[in-house]
Structures are given as structure tokens and as C-alpha cells.
Colleague: 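Sharing a structure with you now.
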There are 2 protein chains.
Amino acid sequence: MAVRVRIEDVAEAAGVSMKTVSRVLNREPNVREDTRVRVQAAVDALNYKPHPSARSLAGHKSYLVALLYDNPSPNYLMEVIAGVLDACETQQYNMMMCPLDFGSPTFMNAVESMIAHSQPDGLILTPPITDAPALLKRLDELELAYASISPRKQKQCMGVAIDETRAAFDMMQHLVSLGHRRIGHIKGHPEHGASDWRLQGYRDGLQKAGIPFDPDLVVDGEFSFESGVRGAEKLLQLRERPTAIFAANDDMAAGVIGVALRLGLRVPEDVSVCGFDNTPMSLQIYPPLTTVHQPSRDMGRIAALELLTAIRKRDAGKMLQIPYTLKLRQSTGPLG
Amino acid sequence: MAVRVRIEDVAEAAGVSMKTVSRVLNREPNVREDTRVRVQAAVDALNYKPHPSARSLAGHKSYLVALLYDNPSPNYLMEVIAGVLDACETQQYNMMMCPLDFGSPTFMNAVESMIAHSQPDGLILTPPITDAPALLKRLDELELAYASISPRKQKQCMGVAIDETRAAFDMMQHLVSLGHRRIGHIKGHPEHGASDWRLQGYRDGLQKAGIPFDPDLVVDGEFSFESGVRGAEKLLQLRERPTAIFAANDDMAAGVIGVALRLGLRVPEDVSVCGFDNTPMSLQIYPPLTTVHQPSRDMGRIAALELLTAIRKRDAGKMLQIPYTLKLRQSTGPLG
DNA sequence: CGTTGAATTGACAGCGTTGTCATCTTCGCT
DNA sequence: AGCGAAGATGACAACGCTGTCAATTCAACG
């Protein structure tokens, strides 16, 4: 392994001091344009990379953001991760993964210990960890910046979200436009804000169409395939069967389709089914699932970008809302 | 945020020098037992955590392992990640994620740049990156330790694998035992060793059952759902249709089931379908998929453990083989 | 052309740990 | 007791970078 190129070598090559190279590298102000160019050229020529530990030690920063998660969906997480890594790369930051057990009594201990050990400069929170009051309080105490993805209380923090209520409402409009009036809903995990928002969109959709809300048509779920199966078993065996079922996510919708097929029902001729999230699986089941595309990768990227900017500028950052897309596929249709 | 406890504080509390504390922390030899106990007590009392960057800077180690991947399966990756994180935690190591584009002409540049920037103490390679000759050669040059998960050439490196050929063979035995004689196979991505091993198991199974190999019954695939769809379309439209299809992974098997249903075939009454990997999806489609459980999380953990041990002891490490399990479910059965 | 304040640059001391090497103990043996 | 070797401990200089603050250059103005 070749000897490491140090900032000193770059400084010499560019004919400036180490400190000036440091300034260029960290995009600090008060460097003349021609100096900046000259230094950058030397950096490129020598293919210099600052030593992360040295930077961190001297600069009292870790150049680390921690991604906290307790989310059963690998698809969702890998998308978020890809987005966060994207953003980190551009800013010479690193990401560390922090799998956590949200419900556990040792949750806060695990977080404290992670923070003490790794000293991240900021955190990215994913649902449902976005909504742990004890955590948020502690982070404020520590003055540790964090960005939340789809948190419940969006007024109060920086991060990114989509308008889930409106997306669910749009989905309902779609079902109504196909002629459905008896529409069932399987709720998501009660700890996730998404469950409430999607339910709200469902109710808004009913109201807009002048359909009275029927509590029998709304059943509990928890975002898992199995809970979708259970929900579908309840809904599809009602005396007066719904003609469409809006599951609060794709995994549950897949469960619904499985049950429907098992009961000898055709999808969508006998019952329309739709989900939410646009997971890869939604295209891999038969029939392909009508769903809402949630741009998770972009959300990861944007959350990380917001966070890094906030860290650098030491400001508060804002909550961004980005667009979703309805994916109308073959699992919904008029009654056949 | 409280002031950081430093090694100096611990040294003072224990009445020894910083260096001695350092020795205790790093389990170095030549410390008297009573000193070790006293120092450890001080460490615990002060809840001291060494500063990772300082350690890294002074010790010329990064305490980082890099996980290299270019694998389209989020499930697989998240499992491996969970295992690797498990192992790292016990050894005060960190993991960094390195998404890579295996086919790209800039592949090696990306790796070089990652290594130069992050200076990991070791790498964990996942398929198909396990089989990039240029990479392996370079790592040897750099004397950088790496552990491979399911690499092609298992004699020559440290890591972990399952006996995929035998697992595929077992699956064939299962199909044969159900009475199938016309069994199709959809191959995996040609860059993955798994594709070859699973095909070999398929052929071994045929041979064992005395069934001649029919090239028409083996079609190309690339581990994606869509390629499974294409493969199934070819196989299920042969004049003489196979009664069972063994897809080289679950995603493709899901594609096969989708096509079968679309063609009005019943699974498993008209055609049995099985896959490989035991992804969560294999339980979420209808009917539930017969498959091989690959213990990815354990494989991640074991690979990381081997790697960390090798780094510490500066030795070569070995290739471990761990057991798989057949999951017999409803997508396979006798002809109905 | 000198003066002044702002913009730019540099010298140098840390940051918190470990490696090196010197020193001090301890122990076994004569 | 005296000696040598091995074991235990400590002093101190790195590690490669950034923060601080002083020094220098520059631009604008009277």
C-alpha cells in the first residue's frame, strides 16, 4: 500500500499552507478564487482524500449520520439507505446503521449508548422511531440535529414526507370512479402515523363520494402480510361483502389477494384490491397491484441533505413535502 | 452535553498511566490482574468510551469493515447487514455500506476510491462481487483482509457458504418423490455462482432419478421476477409442458406462478413451482412457495466474525459451510 | 500616496488515543 | 544477597487534521 497523501503534501504542491488547503476542502469562505482553483488542482492531481479520523478528531465532528430504524420492510429500508448514502457521498459524510427495537424497555439505553460511542453529528429517523417522545426530547437536550422521514408531527421538525392523506383520498377517488360503493379498509400498524393518515384519506374519500362510513368495513392490521390475511378473512366473509378493499400497505394487500383467490374470488372481477407503497412485490403478484408510489429513495436523500445542511449551517431545517404517484394496475377494476 | 470523559481521567481515577488504561481496553498482555480490575472498575464507574477517531488515528486502524454489494434483493441484503452488524457490535467495530455497480467499467475505481477514503480494516464481499478477479487481486496486493459470502472459489478464501448444489439436489428429490418427471428449470443470473450450483443440483437430481437431461426444459433467467415471467412463458407453452418448474430463486418462482395463473393453470394441481432463498415474499404469494431456506443473517454474522478474527490475529481465516433447510409448502404437490 | 478596514493567508497548538522505548518491578536462580 | 531476564508500567512523541489568532495582502478612499 502506497504511503498516504497528506494535506501537507497538497499544501506543498499548491504552494500554500495546510490551513488554506483545509479551507478549500471544507468550502470555507475567504479563499481567493485562483487559490481555490490551484489547491483543487493539486488535490485532484495527488488524488488526495482527507483522513476521516484526523478530520474528525481535530474538528470535533464525527462526519457521521446515524440512520435509526425499526422497520420490518427491507425494501423500504434499502431504498431509504440508498438515498441517504447518495446524499452523504456528496458531502464526505458517512452513514451508520442503527437497528433498534422501538418497543423495548431498553430502547433509550440503546440509543444513548450508540450516541455516546459513535458521536454522530446528526440522526435520521424513520417511522415509527420518528414518534418516540423520549428520544426527541433527549435529542433536543443534547442539541443533536435530526431529520425525520414521515413523522407524525411535521410542524415541529425537519425532514420529509408525502401527503399520505391526500394520496389515500386519491386512491379512494379511483375506486369510486370504478363504481365501488362498498369499500373496505385494513388499517396499518397503530404505531405508525401512516396508518392514521391513510385511514383519514379513506374517510375523506367516502365523504366526498357521499358514502356513509361503516365501521364494519374497517378492520385492524399491522402492515404485515399475515395481518392482511386476517383482515381479508374478516372483510370477505361479511354477509354483504365489500366490492373493493383498500389495504394500508402493499404487504397487506398481497394478503388480501391471497385470501380472495383462496376463496375462489376473482381479482378484480369480484373484488378490487389496492395497497400503498409500490413495493417491488406489488408488481410480482398476480394480478399486479394498484398502489401509491412512495418515493422512498428520494425521501432518504432529501432527509439526509436537509440534515447535513442544517448541521453545516447550524440552523433548524424545514419539513419538505414531495409528490407521490398513483400506480393504477390490474388489481382494481369495475365489477365484472 | 456533558464533557467527554477521556482516557486521562480514567487513568487518574485508577491511579495508573494512560498507557496502562489503553492496554486494558485493548486486551493487551502484560498487565497485572489487579491493575486490570482496578482500571476496568474506573472505566465502568466513569462510563468511559474511547473516542473512535482518536483510536483510529493513533492506532493506524479504522475499526471499520466495508460491506460491498450489488445485489438487487433488499431482503437478502438486510439480512446480511443485520448479521454483520451483530458481529461488529461485539467487537467495537463499525460497518460501512458500499453499494457498487459490478458490471460498470468504473467498478474498480469506485472500490479504490472507497478504500482510499475510508481505509477499512477489512471487507465483506457478497455475490456477485465475490467473483471479481481484479478486485481480489488488488485486495491481495493491498494486504487487505476480506471475507466472502457464497463465493465461487471457496477453496481460496475465508468466508461462509451453504452447499447450494446439494440443496438444489434435495429439492429435485422432493419433486421426483411427488411423481414429477418433466421438470423445468429457470437459471439464475449468469454472474452468480449460485446459478451454476443450482443448475448442477438440478442435473444431479435428474441423473439420480434416471431422467434424461432435456435442454428444452432449461431456460435462461437472471434472478428477477420479470425473467421468471419470461422463462415461464417459454416453459409453459412447450408442446409437452413440464409438470414442475424449479426456478433458481424465489423472485423468479413468483413470476412463474403469476404466468401459470394467467394461463389458467392451477398451482400445484397443474404445475408445481419451487424456488430458492425463502424470501418473505415466498410466504406472501398464493400458494405459498416451496423453497430452500438460506440463513443469510447467520452467513453475514459468520463472515464478519471470521473477518474480525482474522484481522485481529493477522491470520488467513477459513471457509465455513453452514446448513440450509428445505421449506416444503403448497406450491408443490402431486399432479391433481 | 498614505491610511484603514476587510479579505486572505499562515504558524502553531491542540484533538484523544496508541506506538515506541525507557524505566522500574518482580521472580527465579546461584 | 546479587544478578539477569522477563514482566509491568510510564513518558512522550506521533497520528493528520482543524481551530485560533496573528500576520499579510488588498481595495477603497481621502
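Every chain is numbered from 1 and lettered A, B, ... according to where its sequence line falls, protein lines coming before strand lines.
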Colleague: Looking across every strand, which nucleic acid part, if any, lies under 4.0 Å from A:E28 by heavy atom: base, sugar-phosphate, or nothing?
Modeller: sugar-phosphate

Colleague: Is a side-chain donor or acceptor of B:H189 paired with a backbone partner of B:E191 at a separation under 3.5 angstrom?
Modeller: yes

Colleague: Report yes if at least one side-chain N or O of A:R4 is closer than 4.0 Å to OP1 or OP2 of D:dG16; otherwise report no.
Modeller: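 So the side chain of A:R4 is outside the cut-off, no N or O lying under 4.0 Å from OP1 or OP2 of D:dG16.
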
Colleague: B:E12 CD to C:dG16 C1': how many Å, rounded?
Modeller: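 Spelled out: CD on B:E12 to C1' on C:dG16 is 16 Å.
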
Colleague: Does any residue of residues 43-55 of chain A have a heavy atom under 4.0 Å from DNA chain C, and if so, which ones, in number order?
Modeller: none

Colleague: Please figure out whether B:S56 or B:R32 has its closest DNA chain C nucleotide nearer the 5' end.
Modeller: B:S56

Colleague: Expected output is a numbered-order residue list: members of residues 17-27 of chain B with a heavy atom under 4.0 Å from any atom of DNA chain C. What is it?
Modeller: B:M18, B:K19, B:S22, B:N26

Colleague: Given atom CZ of A:R38 and atom C1' of C:dT8, what is their separation to the nearest angstrom?
Modeller: 12 Å

Colleague: Measuring from A:M319:CE to A:I302:CD1, what's the distance to the nearest 0.5 Å?
Modeller: 11.5 Å

Colleague: Roughly how far, to the nearest 0.5 Å, is CE of B:M95 from CG of B:D86?
Modeller: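 Those atoms lie 11.0 Å apart.
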
Colleague: Do you see a donor-acceptor pair shorter than 3.5 Å between the side chains of B:N75 and B:E79?
Modeller: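 Judged by distance alone, the side chains do not pair up.
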
Colleague: Expressed in angstrom and rounded to an integer, what is the separation of A:L57 atom CG from D:dC15 atom C1'?
Modeller: 9 Å

Colleague: Let me test you: for the helix from C:dC1-D:dG30 to C:dT30-D:dA1, what is the angle between the axes at its two ends (five pairs each), rounded to 10 degrees?
Modeller: 30°

Colleague: Kindly determine whether A:K61 and A:D121 satisfy salt bridge (charged side-chain N to carboxylate O under 4.0 Å, His left out), including the steps that lead there.
Modeller: CA-CA 6 Å; A:K61 281 178 248 162; A:D121 293 341; over 6 Å; no

Colleague: Tell me the interatomic distance from B:Y63, atom OH, to C:dG16, atom P, rounded to whole angstroms.
Modeller: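 Checked: the OH to P distance equals 17 Å.
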
Colleague: Between B:G59 and B:R36, just flag the one whose closest nucleotide in DNA chain D comes earlier from the 5' side.
Modeller: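 The residue whose closest nucleotide sits nearer the 5' end is B:R36.
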
Colleague: Let's go through A:R6 and A:D9 carefully: what are the C-alpha distance in whole Å and the side-chain angles of both, what is the deciding distance for salt bridge (charged side-chain N to carboxylate O under 4.0 Å, His left out) to 0.1 Å, and is it a yes or a no?
Modeller: CA-CA 5 Å; A:R6 286 155 312 161; A:D9 306 324; 3.5 Å; yes

Colleague: Regarding B:R55 and B:Q92, do their side chains bring together a donor and an acceptor under 3.5 Å, going by distance alone?
Modeller: no

Colleague: Quick one: CG on A:L142 to NZ on A:K137, what's the gap to the nearest 0.5 Å?
Modeller: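 Between A:L142 CG and A:K137 NZ, I get 10.5 Å after rounding to 0.5 Å.
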
Colleague: Closest approach to the side chain of B:A58, judged atom by atom: which nucleotide of C:dT17, D:dA8, C:dA7 is it?
Modeller: C:dT17

Colleague: Starting at CZ of A:R27, measure out to CZ of A:R36 and round the result to the nearest 0.5 Å.
Modeller: 9.0 Å

